2 protein chains.
Amino acid sequence: MPEPRLPADSPPTLRDVAQRVGVSAMTASRALRDDPGVLAATRERVRAGADELGYRPDEVARGLRPGSGTGLIGLVVTNLANPFYSRLALGVDSVMAGDGFKTVIGNTGQDLDSERELVADLVARRVDGIIAVPAAADQRHLAAAAADGVPVVLASRPPEGFEADCVLVDDFGGARAATARLITRGHRRIGFLGSPPAVYTGTERLRGYAAALAAHGIPFDDSRIRQGQTEPREARRAAAELLALPEPPTALFCSNNRNTIGAFRAIRASGTDTALAGFDDFELADSLGLPLTLVAYDSDEVGRAAGRLLAHRLRRTDPGTEKKSALGSIQRIVTPTSLVEYGS
Amino acid sequence: MPEPRLPADSPPTLRDVAQRVGVSAMTASRALRDDPGVLAATRERVRAGADELGYRPDEVARGLRPGSGTGLIGLVVTNLANPFYSRLALGVDSVMAGDGFKTVIGNTGQDLDSERELVADLVARRVDGIIAVPAAADQRHLAAAAADGVPVVLASRPPEGFEADCVLVDDFGGARAATARLITRGHRRIGFLGSPPAVYTGTERLRGYAAALAAHGIPFDDSRIRQGQTEPREARRAAAELLALPEPPTALFCSNNRNTIGAFRAIRASGTDTALAGFDDFELADSLGLPLTLVAYDSDEVGRAAGRLLAHRLRRTDPGTEKKSALGSIQRIVTPTSLVEYGS
DNA sequence: CTGTTAGCGCGTTCAT
DNA sequence: ATGAACGCGCTAACAG
């Protein structure tokens, strides 16, 4: 009769399995990992024993060994509640899980200090790689991680001050196209609502907006620009300000969905028929009872692409080819955008 | 002149620091951890050396030691793209991060096999605890993890077949209240749209719906029940079916936001003035141009509560009090709901 | 106050 | 084909 093992005990170790079957720990290890050079009979015996004990190799101990990574990658985002980031995370995870990696998600809440600490902690935890959406232009902590030999891939923002793979959205082109469409429809006074100037995507989209104006010979007017809104409530207030100008804009372009939603509420409340366009598609955009032009793109794909880039690097990291310059050329992928019209 | 250390080398170890300062590894360890019984002067020297080398303790090696956990907890959800889960994740992370834990998020996509594997992997990675939203009633893998000594907290579903802390939403009460309100407004033929019967929250909400009918002497009619819709598209089709019945319902109650949105589209397309109520609040619900009664609750708080429960258990796990029964009584927290009226 | 020994669980290296 | 020793980085436990 087999001993009634207490399951609450510490989990069974490799030696427990080996001892039970009557072989050495090494043989057990090899057997379980399908190492050649193990008698088929022995292998079966070991496996049986492992199953009976409910043995699972300890990934922590395994990861401690030099050469073999931890199988963990870090994902650093600013706000998981934003659909863009949760989609991104899903895309990353779907690719990495397929390659046998688990994803540790860290949320920074836009705080640079949190981000620094988080990245340092991920490195201390020996993640095999990092995918990050940096909150600001100061990316020295990421540069340091990369210099420490941890592959870094940036999503939605380009690297600043160091070299790294990245996956971007065509912020400039999308914003320009949406603005151009407003102009084509006859609008000349077009307001702009966007995130704080420090955010890369925000300034890039502002550039696209400005380029469209310039291409049509429309002067850029500071008084119609409102940057810094992060939540719909703030955006609504900013939009209301623009609509209350002596010469109010006849159309608004918003650099992200938070601002678009705020602007929608302001327009609805004002009773005007101000035209609205914005970056980021979102659910129910078609049911708001207002014409709406949106810049759409595939946020899952941004995550998947970042995951593929990282997975690619992780494969080539094994040998002693540690020199960063030798790791193959840096990749920069730009995801395309498209215009969608709603609620005509 | 100090040796020009190659940063791409393997990261500095504790011994490197010790050797550089001229002490033993043990002393360095103690100094960096503010252990009492270290000469203040020595401590300073060690710290200086650590800073110069950019030393960071290896969390993996540290986690290998018995007694000291890994500082990682696992979060198992079915679909991170659903705002409910991303909010939940945020809530969990905010609490756990405050207690020094990192959260590993695993997405199962409603697949039970994925969930099993994920949980096993988390245990193999020696997470200190697990918070899970199980996809189905079969929770043996979670029971096994709990039996292995890993504290488990369930969110949004109760444990089945074992004991564990959990944080629930008042599914029954919320659904009953919303349905009752429809009845109060004069509706007698009320349709029901919900998730697959296997999902706990779905059946619980169906029970609440049925209870409201019963309380008002309205017979429960199978032909007005549609379960199994997971996406708005399916929900829309199901709702359209109900609206096409010989005696169509004058109101619909939906057990989650996916179904509510689908039903909204069906009603809008039908041109009828069918009343609509549903579980889960969602953004823009107020701007759909239709009266809408929603059951709202705080999904961040569900996550935070789960995090607090787990953090609480993690504190009491240290001593040899391994017996589950001795760990203090099982907690079950129920988050309240409230009714919200939109778009009158 | 500081150093030495030992071991967490695994896998690589070298023997047998 | 199998086993014994060694070490990954860190820290309790016991010297000194």
Side-chain angles (χ1 to χ4, degrees), chain A residues 9-46 49-50 53-71 123-128 148-149 318-320, chain B residues 9-46 49-50 53-71 123-128 148-149 318-320:
Chain A
D9 249 340
S10 51
T13 156
L14 188 58
R15 287 157 125 108
D16 294 336
V17 177
Q19 200 169 342
R20 188 179 216 283
V21 183
V23 297
S24 84
M26 281 318 84
T27 308
S29 170
R30 291 194 264 250
L32 294 173
R33 307 211 322 142
D34 278 332
D35 242 67
V38 179
L39 217 52
T42 321
R43 189 190 314 149
E44 286 319 308
R45 272 170 48 222
V46 172
L53 262 54
Y55 169 78
R56 294 271 312 189
D58 185 324
E59 293 296 335
V60 175
R62 185 182 285 194
L64 186 56
R65 306 219 34 114
S68 89
T70 53
V123 173
R125 285 212 152 77
R126 290 212 183 177
V127 293
D128 295 334
D148 272 9
D318 306 308
Chain B
D9 250 338
S10 50
T13 154
L14 188 58
R15 287 158 128 107
D16 294 337
V17 177
Q19 200 169 342
R20 188 179 217 280
V21 184
V23 296
S24 84
M26 203 56 247
T27 306
S29 171
R30 289 196 267 249
L32 293 174
R33 307 210 315 140
D34 278 333
D35 241 66
V38 178
L39 215 54
T42 320
R43 191 191 313 149
E44 286 318 309
R45 272 169 49 220
V46 173
L53 263 53
Y55 169 78
R56 293 272 310 191
D58 185 323
E59 293 296 336
V60 175
R62 185 182 287 195
L64 187 56
R65 299 205 53 82
S68 87
T70 53
V123 173
R125 284 214 151 75
R126 291 212 183 175
V127 292
D128 295 334
D148 272 9
D318 305 310

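All chains are named by letter (A, B, ...) in the order of the sequence lines, taking the proteins before the strands, and each is independently numbered beginning at 1. Bear in mind the structure is a predicted one, so any value in this text is a computation, not a measurement.
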Give the rounded distance in Å between these two atoms: CG of A:Asp16 and P of C:dG9. 8 Å
Donor-acceptor contact below 3.5 Å, side chain A:Arg30 vs main chain A:Val38: no
At less than 4.0 Å, is any side-chain N or O atom of A:Thr13 found next to OP1 or OP2 of C:dG9? Yes or no. no
Write down the atom of A:Ala28, the atom of A:Leu14, and the distance for their closest heavy-atom approach. CB-CD1, 3.9 Å
Could you pull out the closest heavy-atom pair between B:Ala31 and B:Arg43, with the gap in Å? O-CG, 3.6 Å
Separation of C:dG11 atom C1' from A:Leu64 atom CG, nearest Å, is 11 Å
Quickly work out the A:Asp58 CG to C:dC10 P distance and round it to whole Å. 6 Å
Quick one: the side chain of A:Arg65 and the base of C:dC10, do they pair up donor-acceptor inside 3.5 Å? yes
Looking only at the side chain of A:Pro66 (C-beta and beyond, no hydrogens), which of the listed nucleotides D:dC8, D:dA12, D:dC10 gets closest? D:dC8
Scan nucleotides 1-3 of chain C against the protein and return all N/O pairs shorter than 3.5 Å with their distances rounded to 0.1 Å.
residue : atom : partner : partner atom : Å
C:dT2   : OP1  : B:Thr42 : OG1          : 2.9
C:dT2   : OP2  : B:Leu39 : N            : 2.9
C:dT2   : OP2  : B:Thr42 : OG1          : 3.4
C:dG3   : OP2  : B:Ser24 : N            : 3.0
C:dG3   : OP2  : B:Ser24 : OG           : 3.4
C:dG3   : OP2  : B:Thr27 : OG1          : 2.6
C:dG3   : N7   : B:Arg30 : NH2          : 2.9
C:dG3   : O6   : B:Arg30 : NH1          : 3.4
C:dG3   : O6   : B:Arg30 : NH2          : 3.1

Quick check: does any side chain N or O of B:Thr70 sit under 3.5 Å from a backbone N or O of B:Gly63, one acting as donor and the other as acceptor? no
To the nearest Å, give me how far apart CG (A:Leu14) and P (C:dG9) are. 11 Å
Return yes if some donor-acceptor pair links the side-chain N/O of A:Asp128 with the main-chain N/O of A:Gly69 below 3.5 Å, else return no. no
Mark yes or no for whether B:Ser68, through its side chain, and B:Arg62, through its backbone, hold a donor-acceptor pair below 3.5 Å. yes
